[in-house]
Amino acid sequence: MSLIEARSLTRDFVIPKRSAFERTRTQTALAPTDLDIVEGSSVGIIGESGSGKSTLIRLLLGLDRPTAGTVTVDGRTVDATESAKSLHWLRRQTGLVFQDPYASLDPRMTAGQIIREPLWALGIDGDHRTRVHAVLDRVGLDAEMADRYPHEFSGGQRQRIALARAIVHGPRILIGDEPLSALDVTVRAQILDLLIELRRTADLTLVLVSHDIGVVQNLCDTVVVMKDGSIVERGSTHDVLLRPTQDYTKALLAAIPVIPVPPE
């Protein structure tokens, strides 16, 4: 059964006029798109910058209003015109990790306050302090770190805090928009291992936007390839990455840098 369904989902943007003599023009960021994400699956969305990946994610999360089409999550229609409070049911189901682990954290708040914020905003009962300490431990940080501010952490630690905030309220869906691209290679490997562990232990449905094919290969069982606002190929990670059928996918994979092995 599909946990997330998109049907004929479209997003057009009006291009501002540069003069009074120009006609109003629109640009299609997402062409009519159908997408099904099965509960418990891990879906990687890949493509060049401007291919529509982030637009699709924003529409799935109800952070933007589609020009046409519908999104349903667990059988319920997502309406981006509803008030923030009316969309609490969707926020309760989803967690989001952004690309930059520093820009996504409020520098005026402690780590504990940042992680606790979804619990407060969604009106979740219980001992928030205990829950924050438990989720810090789950992402590999000490409970005492809850009183520190973002600038006191390394990049990898900040991304762990962002992950803790994304899962503290027990969502069913975790969405990552380039969550590893701002990290160095060593830290990226650590966060990748953490994501694999979280998916296994929390039974999360994972939707991952990434330029890093290696990350998608390790984390995702399904791949969606986007180009110019359209899905041009989709299938199992094994099939798409090893036996792509579309020229665009082949070119995308061929562009991956390869470090030559020196002869012995």
Side-chain angles (χ1 to χ4, degrees), residues 42 54 57-58 61-63 84-85 87-88 90-212 214-216 218-220:
S42 179
S54 293
I57 290 299
R58 288 180 58 81
L61 286 169
L63 298 174
K85 188 172 183 179
L87 285 173
H88 274 188
L90 179 61
R91 306 292 171 243
R92 185 68 177 79
Q93 300 244 38
T94 56
L96 177 61
V97 183
F98 295 98
Q99 177 177 353
D100 189 338
Y102 190 76
S104 66
L105 306 180
D106 190 332
R108 300 164 298 181
M109 298 171 67
T110 65
Q113 291 171 329
I114 289 168
I115 296 168
R116 189 183 302 118
E117 191 172 25
L119 301 176
W120 169 80
L122 296 173
I124 296 174
D125 296 328
D127 186 341
H128 289 184
R129 181 178 177 84
T130 298
R131 196 158 180 170
V132 167
H133 287 176
V135 79
L136 277 169
D137 179 69
R138 193 172 187 180
V139 300
L141 295 175
D142 295 331
E144 63 184 23
M145 292 181 173
D147 296 324
R148 299 183 190 176
Y149 288 86
H151 72 271
E152 299 179 78
F153 295 95
S154 67
Q157 288 174 326
R158 286 195 289 265
Q159 199 61 309
R160 290 175 187 269
I161 292 169
L163 269 171
R165 177 180 58 187
I167 65 172
V168 69
H169 55 292
R172 298 165 66 187
I173 304 163
L174 179 62
I175 296 181
D177 192 352
E178 298 283 1
L180 306 180
S181 62
L183 307 175
D184 63 43
V185 174
T186 302
V187 176
R188 190 181 307 172
Q190 295 171 354
I191 301 300
L192 177 61
D193 289 341
L194 176 58
L195 283 168
I196 293 171
E197 177 66 14
L198 286 173
R199 187 194 168 205
R200 183 183 65 83
T201 57
D203 195 27
L204 289 167
T205 299
L206 178 65
V207 183
L208 181 71
V209 171
S210 181
H211 284 92
D212 192 326
V215 169
V216 171
N218 280 281
L219 268 177
C220 303

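- For Glu178 (side chain) and His211 (main-chain N/O), a donor-acceptor pair under 3.5 Å exists by modelled atom type.
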> Between Leu195 and Asn218, does a side chain to side chain contact (heavy atoms under 4.5 Å, CB included) hold up when you go through it step by step?
Replying inline: CA-CA 10 Å; Leu195 283 168; Asn218 280 281; over 6 Å; no

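- In this structure, Ser210 and Leu219 have side chains that are not in contact, with every pair of non-hydrogen atoms separated by 4.5 Å or more.
- Distance check: Leu96 CG to Ile167 CD1 gives 13.5 Å after rounding to the nearest 0.5 Å.
- Of all heavy-atom pairs spanning Arg91 and His169, the tightest one is O-NE2, 3.3 Å.
- Between the CZ atom in Arg92 and the CD1 atom in Ile124 there is a gap of 4.0 Å [rounded to 0.5 Å].
- Within the model, atoms CD1 of Ile196 and OG of Ser42 stand 9.0 Å from one another, a figure rounded to the nearest 0.5 Å.
- The two residues Thr94 and Leu90 make their nearest non-hydrogen contact at OG1-O, 2.9 Å.
- We find the CD-OG1 distance between Glu152 and Thr110 to be 10.0 Å, quoted to the nearest 0.5 Å.
- The line from CD of Gln157 to CG of Asp142 is 9.0 Å long, rounded to the nearest 0.5 Å.
- Using a distance-only test at 3.5 Å, with no hydrogens or angles considered, no donor-acceptor pair links the side chain of Arg172 to the main chain of Gln93.
- Summarising the geometry of Gly95 relative to Pro171, their closest heavy-atom pair is N-CB, 3.8 Å, with the distance given to 0.1 Å.
- Inter-residue side-chain proximity for Glu144 and Leu136 is flagged as unmet; no heavy-atom pair is nearer than 4.5 Å.
- Residues that satisfy the side chain to side chain donor-acceptor pair (under 3.5 Å) test with Asp106, not counting sequence neighbours, are Arg108.
- A donor-acceptor distance shorter than 3.5 angstrom exists from the side chain of Gln159 to the backbone of Pro179, with no hydrogens or angles considered.
- Side-chain atoms of Ile161 and Pro150, non-hydrogen and from C-beta on, never get closer than 4.5 Å to each other.
- Looking at His88 and Leu122, their side chains come closer than 4.5 Å, going by heavy atoms from C-beta outward.
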>> Go through it in stages, so that I can follow the logic: the residues are Arg165 and Leu105, the test is side chain to side chain contact (heavy atoms under 4.5 Å, CB included), and I'd like the CA-CA distance, side-chain angles, deciding distance and then a yes or no.
In response: CA-CA 10 Å; Arg165 177 180 58 187; Leu105 306 180; 3.8 Å; yes

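- Heavy atoms only, all atoms of each residue included: Pro107 and Tyr149 are closest at O-CD2, 3.5 Å.
- Contact record, Ile191 with Arg160: CD1-CG, 3.6 Å, taken as the closest heavy-atom pair.
- The distance from the CG atom of Leu204 to the CD1 atom of Ile175 is 11.0 Å, given to the nearest 0.5 Å.
- Side chains of Leu206 and Leu198 form no contact here, defined as non-hydrogen atoms less than 4.5 Å apart.
- Taking every heavy atom of both residues into account, Ala166 and Val97 meet most closely at CB-CG2, 3.8 Å.
- Taking the side chain as every heavy atom from C-beta outward, Val168 and Arg116 never approach each other to under 4.5 Å.
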